[in-house]
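See below for the structure under consideration.
Just so it is clear: chains get the letters A, B, ... in the order the sequence lines come, proteins before strands, and each one is counted from 1.
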Amino acid sequence: MDDMTDGNTLLTIRDLRIEGLSGETWLPIINGVSLHLDRGEVLGLIGESGAGKSTLGLAGMGFTRDGCRITSGSISFDDIDLVAASPERKRSLLGRRIAYVAQSAAASFNPAHRLIDQHTEGPVLHGVSSREESRGDARSLYDRLRLPDPDNIGFRYPHQVSGGQLQRAMTAMAMSCRPDLIVFDEPTTALDVTTQIEVLAAIRDIVEQFDTAAIYITHDLAVVAQMADRIKVLLNGDEVEENDTRAMLSHPAEPYTRSLWAVRSFRRPEQPPTPAGTVPVISIRGVTAGYGADIDVLHDVSFDIHSGRTVAVVGESGSGKSTVARCITGLLPPRQGEIRFDDKVLPPGYRHRTRDQLRQVQMIYQMADTALNPKLRVRDIVGRPVQFYRGYRGTRLQERVEELLSQIELDPGQFINRLPSELSGGQKQRIGIARALAAEPRFIICDEVTSALDQLVAEGILKLLDRLQRELNLSYMFITHDLATVRAIADEVVVMKDGHVIELGAKTEMFSPPHHAYTDLLLSSVPEMDPDWLDRLLAQRGRENIGEAARLGIDRAVQRQSSL
Amino acid sequence: MLLTDGNFMSRLIVMIAQRLALGVFTMFIVSIVIFAAIEALPGDFAQAILGQGATPEAVAAIRESLGMDRTAVERYFAWLGGAVTGDFGVSFSQLSFQSQYGQTGERDVVTVADQLGPRFANTIFLAATAAAVAVPLSLGLGILAALHRGTVLDRIANIGSLTSISSPEFFVAYLLILFLSAANPIFPSISKIHADLDFWQQVYRTVLPALTLTLVVTAHMMRMTRVAIINLLSSQYIEMARLKGVPRWRIIVHHALPNALAPIINVVALNLAYLVTGVVVVEVVFVYPGVGQLFVDAVKLRDMPTVQACCLIFAAAYILLNLTADVVSVLTNPRLRHPR
């Protein structure tokens, strides 16, 4: 290892080991990773959950979360030893020379203060500029980041600003002291695709304009391909490989990297369209529904789901996807319209449905963590619906639970007595599937079931759902915002926006032009694994035709159409 | 949260109006419960006032003059009819002396309201003195304990507050008398205050009961402040503040405290209500002329009008303070103050 610094080096991490306290024992999180970052350079850190990306990124700031400790190795930022530095010394660097952009801007802005007051806090505390100067600078940064109404948006509270705007405001805040390094920790993961793209463009521009070095942490390869000069792949706290972005994308050396690259290849063959006149399993007819007194979330929504088919409902947050699910399950009785099962009208509220009607419609949730009762064992979680709908007891119940566990590819002997806390994320989701299957339904609603999972694990879940569909002739309604998932598993696609069905049809039709303008925006906003994708797209569509601006344009066009 | 500012204000007013109406209903229920409870006690006012020398004739005479020969339901509604018009009646103990001397209500009659007025002022004075010390003290200690979480200071604050919260207040009161009045005569052990004393004299005599109350209520408020702040320390905006290089004290005071206000305000209100209603024991120990003293005496004598009036004051204090807490904690929420 050379100790030479050529004046261009900003951050050097050598053989860093970090442990985290789990219960009573210290477990390794980072096992000897080294990292090098030059001034103005962008390094992408990529890996699945538990790879240690965030821990390593924070370590680059000299910061460890509570319950973590650095056991060995060195972190040198601009020749300052961050491992040995006093807390006061580190505090003087944080925010001023090294800044952080968090995953969830909504959770990372203090709800009690205005954006601009949080923006100016750093520069004033660090003595970089006065409050007035910093306010003026905030306005010009907001303008550069293309926030609407840059002069006044800072005077809003976080809850008054949309997610994509908040994420840009946080990037502006990170820039407030003109730091040498910014750590971006999954800054677009929580955003919709159309919002993500404008945040990506904004981050990239501003990092280039100020020649700021950055560590860009993400699990999304296509995103990191747009942002980083170099990519480092991490797995369970170890470095897998590191290379220039283009070289890494075209010639991944390690098998693990290649497996990450290959994930997006799962594609289920599309089933032929159902013959006309077939009775759909579920038919949603003219449903209008809402939560408050008179605000409708859904407007005249109609579509069918046929036996053995998968209908993907896509749309951005707030489009009404989950509300449709609540109407079908009877949790939210619609104001108008009806839900038919096998051509028979279902009572609007679940309280008025028979046990058999309830049994036929089951649900799998996004957050398997919160959807399973943490105090119950797998035996009871899966056994309860068997008991409730089938009335099995004793050994009969035991056998049925074991059979269900085998169906979801978990060894009954090993898992039947576990608590949810003793399961991994993917295993929890499998238990969620088993619980839905236990009712022996014909129709299952999958609400973003893979979006909280790593890609490899998500792939396993999708394959499992596909196999179960073929074996049990199940119908799925697949709620998702991830178009890659739609490509993988859907037979038909329903595109929703603001509670309206914008477009619906067979998958192949939907993914080939001509599209509805909104579908086109959705499709074109999904990042591709090509490092030039973002540049090309911006050149093609123009700056004003992505994200929020484009959505507003579509809204206006739709309004014009409907007013004609 | 699609509210406009005007909408928010009108919703707030509706909420306050609803709560006040519910409060009046609660006070009505309280008055029934208290009336029934005193009815259920053995003996009555006549027997209590005449004591050992109660002859059946004397008892019957007093009962008749008080209207006690009517049924309980009749008497309750007669009282209620007066109460809703602001007339809480005349204390039995005032009346009885007149009837003993064969005089009627023509003379100057001391009504319950006249009697309660100065007592209530004294109780509020004691509660305010205790609150003026206890609230800032417990918030300050709670913030300090949160700031120095897990250190000796935190432990001492915790152990100290646990000890004081677990000791009965009369015990705390006697300890204070022992150390600050008997062993070291610094403060008077009897807190007789009256309107002729100047303000500082009154404060001086109120020190020991106020200190007792402070010790009793501080623990609860301090611990809630500490926990409310610590609960927020793991939130992401606190981590963000740390990563911006914000000093620890500023993180606690500027970033955590404003978001912890709602639970803290609720506990403060609960304890302020306790200061008004829970003073009974302390007032008795220190012979402090407040509502508590009067209440205890009235219960001993089965003096229904006075007991009822005291109870309504206590209930009103609880209801109003809780209402205030709810309104203030709604106002601390920027989501409600600044709707989209």
Can you tell me which portion of A/L93 sits under 4.5 Å from chain B's heavy atoms? Options are side chain, backbone, both or neither.
neither

Are any of the side-chain heavy atoms of B/L243 and A/L58 separated by less than 4.5 Å?
yes

Is chain A contacted by the side chain of B/R242, its backbone, both, or neither, given a heavy-atom distance below 4.5 Å?
both

Just so I understand: if I count every heavy-atom pair under 4.5 Å between each of A/S108, A/G95, A/C177 and chain B, which residue has the most?
A/S108

Options A/A112, A/S104, A/P87, ranked by heavy-atom pairs under 4.5 Å with chain B, top entry
A/A112

Is there a side chain to side chain contact (heavy atoms under 4.5 Å, CB included) between B/M240 and A/N110 once you walk through the steps?
CA-CA 9 Å; B/M240 191 70 215; A/N110 193 323; over 6 Å; no

Select one option (side chain, backbone, both, neither) describing which atoms of A/F109 are under 4.5 Å from chain B's heavy atoms.
backbone

Honestly, the part of A/A107 sitting under 4.5 Å from a heavy atom of chain B is both

Go through the steps to decide whether A/F63 and B/E239 satisfy the test side chain to side chain contact (heavy atoms under 4.5 Å, CB included), and finish with yes or no.
CA-CA 10 Å; A/F63 183 88; B/E239 181 174 285; 4.3 Å; yes

If we only count heavy atoms from C-beta on, is the B/K244 to A/L94 side-chain gap below 4.5 Å?
no

Tell me, for A/R65 versus chain B, whether the close heavy atoms (under 4.5 Å) come from the side chain, the backbone, both or neither.
side chain

Please name the pair of heavy atoms, one in A/P111 and one in B/P334, separated by the smallest distance, quoted to 0.1 Å.
O-CG, 2.9 Å

Can you confirm whether A/E121 sits close enough to B/H255 that some side-chain heavy atom of one is under 4.5 Å from a side-chain heavy atom of the other?
yes

When you look at CZ of B/R250, are more than 12 heavy atoms from neighbouring residues, nucleotides or ligands closer to it than 6.0 Å?
yes

Side chain, backbone, both or neither: which part of A/Q103 has a heavy atom under 4.5 Å from chain B?
neither

Other residues, nucleotides and ligands only: do more than 12 of their heavy atoms fall within 6.0 Å of CZ on A/R69?
yes

Name the region of A/R97, side chain, backbone, both or neither, that has any atom closer than 4.5 Å to a heavy atom of chain B.
neither

Who wins among A/H113, A/K90, A/E88 for the most heavy-atom pairs under 4.5 Å with chain B?
A/H113

Residues A/R91 and B/G245: closest non-hydrogen pair is NH1-O, 2.9 Å

